[in-house]
Every structure is written in structure tokens, then in C-alpha cells.
There are 4 protein chains.
Amino acid sequence: MTEPMRGRQEQGGRREQAKLERRERIYEAALNLFRTQGYEGTTVDQITRHAGLAKGTFFNYFPTKDAVLRYLGTREIARLSLSSNGNGHHRGTAIGKLKRLMAALAENLEQDRTLVSLIFRKGVTAPDLLAGDAGGFSLQPVASLLIRQAQYNGEVNPDLDPDALASALDALYLQQLVRWCESTRPYPLSERLTGIVDLLLLGIGKLE
Amino acid sequence: MTEPMRGRQEQGGRREQAKLERRERIYEAALNLFRTQGYEGTTVDQITRHAGLAKGTFFNYFPTKDAVLRYLGTREIARLSLSSNGNGHHRGTAIGKLKRLMAALAENLEQDRTLVSLIFRKGVTAPDLLAGDAGGFSLQPVASLLIRQAQYNGEVNPDLDPDALASALDALYLQQLVRWCESTRPYPLSERLTGIVDLLLLGIGKLE
Amino acid sequence: MTEPMRGRQEQGGRREQAKLERRERIYEAALNLFRTQGYEGTTVDQITRHAGLAKGTFFNYFPTKDAVLRYLGTREIARLSLSSNGNGHHRGTAIGKLKRLMAALAENLEQDRTLVSLIFRKGVTAPDLLAGDAGGFSLQPVASLLIRQAQYNGEVNPDLDPDALASALDALYLQQLVRWCESTRPYPLSERLTGIVDLLLLGIGKLE
Amino acid sequence: MTEPMRGRQEQGGRREQAKLERRERIYEAALNLFRTQGYEGTTVDQITRHAGLAKGTFFNYFPTKDAVLRYLGTREIARLSLSSNGNGHHRGTAIGKLKRLMAALAENLEQDRTLVSLIFRKGVTAPDLLAGDAGGFSLQPVASLLIRQAQYNGEVNPDLDPDALASALDALYLQQLVRWCESTRPYPLSERLTGIVDLLLLGIGKLE
DNA sequence: GATGAATGAGGCTTCATTCAT
DNA sequence: TATGAATGAAGCCTCATTCAT
């Protein structure tokens with residue numbers, strides 16, 4: 001009636017799309033409220049009303065309230081990875097891309113220190129950290145990919161295990177992120193990160 | 001052994017002293033927790049445990065949880081007024097002292113923008129503001145005092161009503177404080193304040 | 001088997017119905033407990049357990065514990081208004097109905113002097129009273145309606161503003177109710193009310 | 001200095017007196033507040049402030065807050081026993097006195113049905129009742145005394161055990177008191193009591 | 001004995017989460 | 001899948017009671 005019938009696939013695609021959009025709407029609403037009222041000061045009901053949905057719907061998109069926090073990391077990484085690959089291939093080396101990605105990520109997180117802090121206090125447990133699940137902030141996948149590219153391009157010694165390298169990078173990155181969150185005197189995270197990561201990359205390839 | 005006997009009065013002073021110290025301990029514990037966990041993320045129970053007391057005791061020193069927030073303003077003003085008078089009399093004019101006091105206060109509050117913001121959102125109602133009770137941030141008393149001194153020293157026209165002047169100063173100060181809290185882009189409060197207050201003082205005395 | 005399918009509208013009616021019933025169940029449970037244990041002596045948990053629900057559910061039906069008290073007035077007025085209209089139209093004049101309604105209301109409230117007293121002590125503030133919100137006891141709407149009927153029937157001077165009359169009636173009614181609650185020696189409220197209200201009605205129509 | 005020295009005894013007497021007076025002051029204050037605000041609505045602090053004392057002092061005179069309730073019964077019995085004996089001996093028979101005492105007691109309690117009710121709900125446990133401790137309402141001592149007098153006067157069969165009789169009387173009295181408290185429709189307690197007690201006394205002596 | 005601060009049990013209320021529709 | 005009512009854990013706050021002075 002309202003629309004001509006469609007094949008399954010296409011319907012799925014549309015529905016999938018709508019679902020992602022709704023998830024995004026909830027995420028945006030949540031972050032805006034978290035920034036102005038704090039995490040604990042914001043209720044799930046407020047979030048969904050700002051997103052034009054009913055309270056119960058929240059839990060169809062995020063399993064818990066903290067999950068939105070964790071999603072902050074995942075999403076930023078996804079977004080930046082995409083853009084870093086999108087206008088990618090051509091501009092600069094793979095290692096260069098990796099460093100720019102980390103710096104960009106750091107700059108973004110610097111805007112939300114309070115929230116990032118919260119993630120490590122509410123959203124991630126010690127076991128999570130040990131298991132490498134750092135509340136969505138894992139660089140592992142992109143880093144692994146870019147390192148492989150770097151090896152392919154001859155930027156990095158091809159005998160090294162790319163996953164091990166990516167994992168080490170991730171650990172350093174995470175350590176700095178946590179330390180920055182906990183420090184009382186604020187300092188620029190991106191610079192610190194770039195510096196420290198150079199130490200690791202120094203041995204494995206030529207700095208850009 | 002521990003101490004010689006004392007008269008009633010002095011004993012009372014001791015109790016009074018102990019009470020003030022405990023209040024201070026609660027206040028410090030609360031602020032530390034507020035800074036790291038946020039206001040809503042901190043429970044009264046946590047505060048008192050950090051202060052080495054039982055939960056109920058909190059309410060013997062502050063009527064509600066927000067009251068600690070309000071006390072932030074009062075206390076800073078008291079502390080700074082004291083120090084500004086302590087090394088006082090000699091150095092500089094009364095108006096100079098007043099300006100330094102305001103700048104110092106602003107600098108202190110700048111460290112806790114999130115908390116100060118909270119005071120205006122949780123601890124002060126519109127009627128409070130209209131009644132001049134701005135959550136403890138009132139400069140009125142010190143300002144009134146220093147303006148009288150300034151008049152006595154010939155720095156300010158003695159025909160003006162010192163209370164009215166102090167009140168005007170207070171209003172300007174408060175307005176700027178609130179505005180600074182609400183602004184999305186941070187800027188240095190102390191400079192703005194100094195600048196704006198000069199406008200008022202320009203007419204009533206010579207700038208230092 | 002259990003029931004034939006129904007359209008959306010009617011289903012909604014069913015849910016609505018269930019909600020009203022549950023609200024009524026909570027109200028009944030609360031009043032019974034208030035009568036035997038007093039208001040302060042009764043906990044919300046007791047109320048909901050008596051109603052076969054969980055504690056939190058209480059607050060889906062009444063915003064606070066006092067709200068149940070306030071509802072006492074509203075509900076009685078609604079119930080009596082209905083019955084006074086139900087066996088209505090035919091028997092007697094509109095003014096007669098109004099007087100019977102007030103007497104019936106008074107008789108009902110006389111059964112719960114302690115509770116009615118409580119409403120004025122816990123559930124209604126001075127500003128509420130000034131705003132005409134007397135904890136749900138407002139006769140204004142029914143009175144206004146019946147006075148209009150009376151004017152239509154020629155029982156009352158049609159030049160008078162029916163809302164103003166209703167408001168005056170309400171005020172007198174309320175004044176007597178409060179006075180009766182506060183008096184130490186109990187006396188029959190309904191008679192007093194009938195008598196006093198006659199004074200007002202004397203000028204505007206013929207007594208029944 | 002302030003007063004000439006006195007012997008121990010006399011001081012004790014004065015102190016004793018002062019203590020009793022303070023206890024009475026607390027009791028009066030408590031009852032007045034209970035009557036207007038209810039038992040749970042009244043705080044110990046309010047009580048002592050109305051009695052011109054500090055909160056902690058309350059517990060030097062009553063072990064708990066309920067104790068004041070229990071004292072209600074004890075005190076009334078003591079007061080009435082005294083007056084019934086005071087203008088006593090001469091007027092009427094001992095059994096007559098006993099009946100008048102019970103009626104007078106009942107009339108007094110009728111003024112405070114809510115409070116008396118509370119005693120049985122908060123101040124007396126089932127074990128208490130079984131042990132014959134009915135929250136201070138025990139007639140046993142006076143009744144025992146008066147029955148002995150009655151036996152001495154020949155009003156009552158001297159072969160009966162006066163304590164057993166007093167105990168039976170007490171049980172009946174208490175039963176009626178509780179029943180009257182719990183009943184929803186109020187009725188005159190004193191008449192009911194007189195009637196029922198006559199049944200018992202009918203067998204043991206001539207009615208007055 | 002009088003006092004008032006410390007204590008913690010218990011009450012009201014909010015809100016994340018579950019679940020029936 | 002969206003909805004909103006039910007639930008109960010957890011927070012703030014009150015206040016009876018204890019206890020050091």
C-alpha cells in the first residue's frame with residue numbers, strides 16, 4: 001500500500017540503515033546531555049526523548065547506559081579510520097597515516113576528557129583491560145591493517161608480526177590515554193602520544 | 001599530662017575548633033571526590049568515609065549535599081578576604097586590594113568551572129538570586145568594608161553609599177561569573193572581571 | 001476463546017481501565033492503612049504490598065506519598081458529582097442538587113477528619129490555597145456547572161457570573177472545611193456548611 | 001554560696017521533686033505534640049524543646065520514645081486511683097469506688113483514642129500482654145487493693161482470692177479497651193466497660 | 001544530671017533495566 | 001521492533017538512640 005513490495009535484501013538494507021540512524025541519533029543525544037549535565041545527571045528517559053523515541057527503545061540499541069560511553073571510543077576510531085583511509089592510499093606513507101590517525105583521535109578525545117575518564121571508571125574493568133578490551137578504544141584492528149600496508153610498502157621490516165606490533169601500539173596508546181585522564185594537571189594528549197609512539201616506531205621503520 | 005586544665009570558655013573554643021576542623025575535613029573530602037567522580041557520581045557515604053566519619057554525621061555539618069557546593073563560594077571568599085587583609089593595611093590602596101581579591105577569587109574558581117557551574121544549576125534558585133543570595137558567592141560584605149576604607153583614605157568619593165556600591169559590584173561580579181560558567185568556549189574569567197569592574201570603579205575613584 | 005479480537009481503540013481502553021483499577025487499588029490500600037496506622041506510621045512499601053505491587057510502582061501512580069491524600073478530595077468530589085448527576089436531571093432543582101452534593105461531601109469527609117486535617121497540614125501549602133488549589137477539594141468545576149443549570153432553569157439571576165459565584169461558594173466551603181479540621185471540639189460539618197451556604201444562595205435564588 | 005547547705009535527705013527530696021516535675025513537663029509536651037501532629041510526626045527534639053530541655057535529656061526520663069505512650073496509662077491510673085482514694089473511704093462502697101475508677105479512666109482514655117491505639121500497636125507486644133504488662137494500663141494493683149477493702153467491708157465474699165479477682169478484672173478491662181481501639185465505629189467505652197464488669201461483680205458482691 | 005554530636009537504621013524517591021503487549 | 005509499566009537497587013535525608021564531655 002504505502003510502498004511497493006521489495007525483495008528481502010533491499011528491505012533489510014533499508015531497515016539496517018534506519019536502525020543505524022536511530023542508533024546514531026541516540027548516541028548524539030546522549031553525548032550532548034552528558035556534556036551539559038554529566039553522565040549521572042542524565043537519565044535514559046531524557047536521552048530517548050531528545051532522540052524522539054520512547055525510553056524502552058534505548059535498550060534495543062545499547063545494552064546498558066554505559067555502553068554509550070564505550071561506543072564513544074569505537075565510533076571515533078571507526079570514523080577516523082574511515083577518513084584516514086578514504087582520502088588515503090595516495091597521501092603519505094602508511095605509518096604516517098597511522099600517526100595522523102592517532103593524533104586526530106587524541107585531539108577528539110581531548111574535547112571530552114570528563115567523559116573519557118568516565119569510561120575507564122564505569123565502563124571498563126581491570127579484566128577487560130587485560131583482555132585487551134579497552135572500552136572500545138582499541139586501535140588494534142586499524143593499526144594491524146596499516147602496519148601490514150607499511151610492510152607491503154617497505155616502510156617496516158616484513159619479518160615482524162604485524163599483530164604483535166599493533167598490540168604493542170595499542171597498549172602504549174591506552175596507557176597514555178588512561179594516564180592523561182587521571183592526571184590532575186591537564187596537558188596536550190596528542191603531543192605526548194606522538195612522542196611516545198615514535199619511540200616504538202623508531203625501531204621498526206623510518207619516521208615520516 | 002596531655003594538657004593543663006582550662007576554663008570553660010577555652011574548652012568551648014576547643015570544641016568549636018574541633019567542629020570547624022571536621023567540617024573542613026568533610027568539605028575537602030567532598031570536593032576531591034566531586035573533582036574526580038563528578039557531583040552526581042559521588043555519594044554522601046563516600047564523602048564521610050573519606051573523612052573518617054559515619055554517613056549521618058554529614059548532615060550535622062551540611063544540611064544537604066548541595067550545601068557543600070554552596071560552601072565552596074563562601075569559603076573561598078572568606079579565605080581570600082582574610083589573606084588580602086592579612087598582608088594588608090600597608091600594601092597598596094583599598095581599591096587595589098578589592099581588585100586583587102576579585103582577581104584571586106576568579107583564579108581560584110577557574111580551577112573548578114564544572115563545580116561552580118553546578119552550583120548555579122543545583123544550588124541556587126532564581127528567588128535566591130533575586131534575594132541576593134548567590135550561593136555563597138556574595139562579595140557584598142568584604143566589598144562594603146573595603147569601599148569604606150577606600151572612602152576613608154580618600155580613594156573614593158565619600159558621599160556615595162558604600163553598601164550600594166558594594167551591591168552593584170556584587171551584581172556585576174555575579175553576572176560575569178554566571179556568564180562565564182554558561183559559555184561554551186572557555187576564556188579567562190579573571191581578566192574579564194578586572195576589565196568590567198574597572199568600568200564601575202572608573203567613576204568612583206582613581207584606578208590603581 | 002478468552003475474548004474476541006478487538007480494534008486498537010478498544011484495547012487502549014482496556015489498558016487504560018487496568019491502570020485506573022490499579023490506581024484505585026493503591027488508593028484504597030493507602031487509605032485503609034492511613035486510617036489504622038496514621039499517615040506517618042504507614043510506609044509506601046506497606047501500601048504497595050497491600051495492593052499486590054512492588055514499592056516502585058507506587059510512584060507510577062502517585063508522584064509522592066502525600067499525593068494520595070490530595071487525591072482523597074478529588075476523588076470524593078468526582079464520585080459524588082457523578083452520582084448527583086446520575087440520579088439527576090429530574091429530582092429537584094440544580095441548586096438543590098448542589099446543596100445535596102455539598103452535604104454528601106461533608107458527610108464523607110467527616111468520616112476521615114484526621115486525614116482531611118493532614119491534607120491541609122502536609123499536602124497543601126499557603127500558595128496552593130491562594131491559587132485556589134486546595135488539595136483537590138475544589139468544588140469550582142461542579143459548582144460552576146450546576147449554577148449554570150440553575151440560571152438556565154430560572155432558579156438564579158442569570159446576570160450573575162456563574163464562575164464568580166462558584167468561586168465564592170468554593171471559598172466558603174473551603175474556609176469551613178479548614179475551620180472544622182482545626183477545631184478541637186468536633187461538630188457536624190454538613191449542617192454548618194448547609195447553613196452557611198444558604199447565606200450565599202439566599203441572595204441569588206430561592207431556597208429549595 | 002547560692003543556698004545554705006542542707007542535709008542529704010532534704011536535698012534528695014528537692015532533687016527528687018525537680019526530677020518528677022521535669023518528667024511531667026516532658027510528658028505534657030509530648031502528649032500535646034502527639035495530639036496535634038501524631039506520634040510519628042513528632043520528634044524527640046521537638047518534645048524536649050517544648051519542655052525547655054535539650055534532646056539528650058529526654059532519655060534520662062524515658063528510656064525510649066514509646067515509653068511516653070506507655071506512661072499515659074500508668075499515669076492516668078495513678079492519678080485517678082489517688083483521687084478516688086483521696087476523697088475516699090467515706091463515700092460509697094469499695095466496689096463502687098472501683099467501678100467509678102474504671103469509668104473515669106475510660107472517659108479519660110476516650111479523649112485519646114488515637115494515642116491509646118498506638119500504645120497497643122507500638123508500645124505493647126504480645127508477650128507483654130501475656131505477661132500481664134499491658135502497656136501501663138494495668139488495674140491489677142488498685143483493683144487488688146479495693147477488692148481487699150471490699151472483702152473487709154463485707155461487700156465481697158472473703159474466701160475468694162483478691163489477686164485472682166483483680167487479675168480477672170484487669171483482663172476484662174484490657175480486652176474491652178483493645179476492642180474499642182480497634183473498632184471502626186466509635187462507641188462510648190465507659191458504658192460498655194461498666195456493663196461488662198457488672199457481669200463479673202454480679203457474682204462476687206452486691207451491685208451498688 | 002544536662003548537653004549536643006555521632007551514629008546508622010529506615011523512609012521516600014529516582015531511575016536503570018526487564019518484560020508483556 | 002517500539003512502547004511504557006513494573007521492578008528493586010541505591011541515593012538522600014530524618015531521627016531515635018548512644019555516648020563523651
Side-chain angles (χ1 to χ4, degrees), chain A residues 15 18-19 22 39-49 51-68, chain B residues 8 11-12 14-16 18-19 22-23 26 40-48 51-67, chain C residues 8 11-12 14-16 18-19 22-23 26 40-48 51-67, chain D residues 15 18-19 22 39-49 51-68:
Chain A
R15 268 197 207 160
K19 201 171 169 182
R22 254 189 307 247
Y39 173 77
E40 315 266 3
T42 302
T43 72
V44 170
D45 200 36
Q46 283 172 352
I47 295 171
T48 47
R49 255 185 289 115
L53 296 166
K55 182 169 52 155
T57 307
F58 180 92
F59 296 93
N60 292 338
Y61 293 89
F62 293 95
T64 65
K65 194 183 165 193
D66 337 337
V68 180
Chain B
R8 261 214 157 178
Q11 270 196 15
R14 230 197 285 150
R15 247 198 223 168
E16 200 59 30
K19 218 180 155 181
R22 242 178 324 237
R23 186 184 170 96
I26 292 175
E40 316 264 5
T42 302
T43 71
V44 169
D45 199 34
Q46 283 172 354
I47 296 171
T48 47
L53 296 167
K55 181 175 47 159
T57 307
F58 179 91
F59 298 94
N60 292 342
Y61 292 88
F62 294 95
T64 64
K65 194 182 163 193
D66 342 332
Chain C
R8 262 216 156 177
Q11 270 195 15
R14 225 188 299 142
R15 249 198 221 166
E16 201 60 29
K19 218 182 154 180
R22 240 174 332 233
R23 185 184 171 96
I26 292 175
E40 317 263 6
T42 301
T43 72
V44 169
D45 199 33
Q46 283 173 352
I47 295 171
T48 47
L53 296 166
K55 182 174 48 158
T57 307
F58 180 91
F59 298 94
N60 291 342
Y61 292 89
F62 294 94
T64 64
K65 194 182 164 194
D66 342 331
Chain D
R15 270 197 206 160
K19 200 170 168 180
R22 254 189 308 246
Y39 173 77
E40 316 265 2
T42 302
T43 72
V44 170
D45 199 35
Q46 283 173 351
I47 296 171
T48 47
R49 255 184 289 116
L53 296 166
K55 181 169 55 156
T57 308
F58 180 92
F59 297 94
N60 291 339
Y61 292 90
F62 294 95
T64 65
K65 194 181 165 193
D66 338 336
V68 180

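Owing to the predicted nature of the structure, the values given are computational and were not obtained by experimental measurement. Residue numbers start from 1 in every chain, and the chains themselves are labelled A, B, ... in the order their sequence lines are given, proteins ahead of strands. The analysis underlying the following values was restricted to heavy atoms, covering all of them including side chains, and did not include hydrogens, waters or symmetry mates.
Mapping B/T43 and C/G52 onto DNA chain F by nearest heavy atom places C/G52 at the nucleotide closer to the 5' end. Place C/T64 and B/R22 on DNA chain E by their nearest nucleotides, and B/R22 ends up nearer the 5' end.
For A/E40 and E/dA16, the CD to P distance is 9 Å, given to the nearest whole Å. Rounded to whole Å, the distance from NZ on D/K65 to C1' on E/dA9 is 14 Å. Rounded to whole Å, atom C1' of E/dA5 lies 11 Å from atom CD1 of B/I26. Look at CG on C/D45: it is 8 Å from P on E/dG11, rounded to the nearest Å. Atom P of nucleotide E/dT18 and atom CG of C/L53 are separated by 21 Å, given to the nearest angstrom. If you measure from atom CD of A/Q46 to atom C1' of E/dC15, you get 11 Å, rounded to the nearest angstrom. Spacing between atom CZ of B/R23 and atom P of E/dA6 amounts to 12 Å, rounded to whole angstrom units. B/K19 places its NZ atom 16 Å from the P atom of E/dT3, with the value rounded to the nearest Å.
Between D/K55 and D/D45 the shortest heavy-atom distance is CB-OD1, 3.5 Å. Between D/E40 and C/E40, the shortest heavy-atom distance links the atoms CB-CB, 3.3 Å. Nearest heavy-atom pair, B/T42 versus B/I47, reported as atom, atom and distance to 0.1 Å: CG2-CG1, 3.8 Å. Taking all atoms of both residues into account, the shortest heavy-atom contact from C/F62 to C/R23 is CE2-NH2, 3.5 Å.
Formation of a donor-acceptor pair under 3.5 Å by the D/Y39 side chain with backbone atoms of D/D66 is found in this model.
Interatomic distance, CZ of C/F58 versus CD1 of C/I26, reported as 7.0 Å (0.5 Å rounding). To the nearest 0.5 Å, atom CD of residue A/Q46 and atom CZ of residue A/R49 are 6.5 Å apart.
Against DNA chain F, the stretch residues 54-63 of chain B makes heavy-atom approaches under 4.0 Å through B/K55, B/F59.
Backbone-only contact: C/T42 has heavy atoms under 4.0 Å from sugar-phosphate atoms and none from a base.
Figure legend. E/dT17 is base-paired to F/dA6; pairs are counted as Watson-Crick or G-U wobble with both atom distances under 3.5 Å.
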